[in-house]
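One structure coming up, written as structure tokens, with questions to follow.
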Amino acid sequence: MPAPFRLYNTLSREVEAFTPAEPGKVKLYFCGMTVYDHCHVGHARAMVTSDMVARYLRHRGWDVDFVRNYTDVDDKIIRRAAENGEAWNELAERYIQSTQEDFRALGLAKPTSEPRVSTSMDTILEMIGTLVERGHAYENEGSVWFDVASFPEYGKLSRQKVEDMRQPDEAVPGKKTPVDFALWKAAKPGEPSWESPWGPGRPGWHIECSAMAQATLGTQVDIHGGGLDLVFPHHENEIAQSECAHGGELYARYWMHNGLLTMASGAKMGKSEGNAFGIKEVLQVFPAEALRIYYLQVHYRSPLPWNVDALPDALGLLSRLYEAKENASQMEGTEAIPAVIAGLGKDAERVVELASSFPEKLYAAMDDDLNTAKALGMAFELARAVNRLSNHKKAKKRGGPIAKLALDAFDVLAEALGLLQLSGEAFVEEVKDKRLPPLGLTREGVEEKLAARVAAREAKEWDRADAIRAELEEAGIQVMDRPDRVEWRIRLDVREEA
Ligand SMILES: [Zn+2]
């Protein structure tokens with residue numbers, strides 16, 4: 001069994017030792033996307049967080065049942081579809097496809113199950129029926145409301161007093177008290193509806209997740225996650241619904257919430273704020289792993305500022321890891337490690353020290369409430385040591401056995417955190433594909449300049465050759481003269497014009 005894993009529980013506001021209900025098995029439910037638009041970098045942080053926790057726990061040998069839903073019946077979807085003159089379900093399907101495309105591009109592991117509201121109607125109706133039967137919900141003119149007064153623990157997650165709470169649908173008539181929330185909304189003309197014992201209508205937002213979690217994972221989940229903005233009312237309401245429907249059984253043993261992306265001014269990121277930054281736009285000009293490293297370089301619970309330098313900086317960090325991976329993979333030799341250290345000295349010793357303790361230290365950081373920032377810090381330290389060793393003139397010939405330890409460490413990083421999934425060469429090519437257009441360059445253009453430089457050198461026109469090189473460097477291209485060829489790559493300290 002894995003070593004103790006500790007997780008911050010929003011319910012207790014403490015980092016707790018993690019014990020799932022069933023030894024070795026983790027039931028993980030993460031609130032997914034409401035599909036009325038394309039994903040932006042704010043959503044992706046939550047999705048990468050869900051991927052990170054599922055991926056890490058699986059890597060550590062837990063059997064993880066990972067459920068992430070799609071909310072495909074919702075006010076925003078219906079409103080957007082009406083604006084477009086499109087059927088609501090066609091719009092939702094279109095955005096589910098778009099979202100799945102984004103998730104694949106982001107390298108997210110596939111959940112065990114991805115339920116949708118539109119295909120979970122039976123469970124939703126059954127759960128609402130139970131709540132009505134047990135006196136936790138009441139019907140009024142075809143709508144069903146959750147009776148907050150019937151659940152004294154209401155507010156335990158967000159730690160608010162009922163009298164201080166405001167539900168978003170507070171002004172809707174038909175409720176006993178303003179804090180009651182909708183489980184079932186009576187059909188309105190022009191809106192999609194389903195038959196129910198209370199007449200035609202559609203489910204409220206919160207009941208969807210309670211019902212989908214029950215249908216896929218049972219009455220209790222081990223970890224329930226989502227963005228910090230979901231604590232109230234969404235997760236508070238899920239607790240009320242599920243615990244009342246299940247006779248008081250604790251709904252989620254641990255609640256995990258990722259911090260939100262903030263704009264430089266401190267304003268929240270979101271579509272309604274008009275400052276969204278789409279995943280498709282971002283991944284057109286940056287590798288997906290740059291975005292992942294940008295998220296993972298801070299603790300998942302911290303707010304994460306978004307600014308214009310965020311991704312260029314993250315790409316710079318990522319490229320250092322790839323450079324180390326590439327350098328290590330080029331080292332050869334078959335001597336015993338002590339002989340290699342004797343030959344290459346202190347830098348070699350340092351790589352051995354960092355690489356051989358890497359998995360243990362990475363697990364210690366990650367077992368402490370998923371401290372990806374600390375884990376990445378150790379990876380950068382190892383990368384620096386490898387890159388330093390590679391400057392040693394005998395490293396390529398003799399460093400192999402030591403480099404193998406570093407490569408094993410990078411494999412652990414790859415599996416546990418989803419980074420370094422490409423070969424060094426493939427990474428360099430991806431960076432070229434994505435970064436040349438924003439620099440206003442093309443591969444052909446660069447190759448032409450390099451050919452002109454070769455011609456100048458052959459003609460012994462050294463000044464002209466140097467001028468071409470300087471021009472390329474200025475434009476953002478690093479030129480590297482190898483004994484048998486000229487290589488080039490994108491200079492990662494250069495940023496495109498704002
Ligand atoms: Zn949810």
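In this text the structure is predicted, and so the values were computed from the model without any measurement. All ligand and atom numbering here is 1-based and tracks the order in the structure.
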Test ring-ring contact (aromatic ring centres under 6.0 Å, His included) applied to Phe277 and Phe286, Tyr294, Trp306, the passing residue: Trp306
Sub-2.8 Å protein N, O or S atoms surrounding the Zn ion (ligand 1): Cys31 SG, Cys209 SG, His234 NE2
Whether over 12 other heavy atoms sit under 6.0 Å from Lys156 NZ: yes
Test: Arg202 and Glu191 ion pair at under 4.0 Å: yes
Donor-acceptor side-chain pairing of Tyr138 and Asp180 below 3.5 angstrom: yes
Cation-pi, Tyr36 ring and Arg79 (6.0 angstrom, 45 degrees): no
Arg60 to Phe5 six-membered ring, cation-pi geometry met (6.0 Å, 45°): no
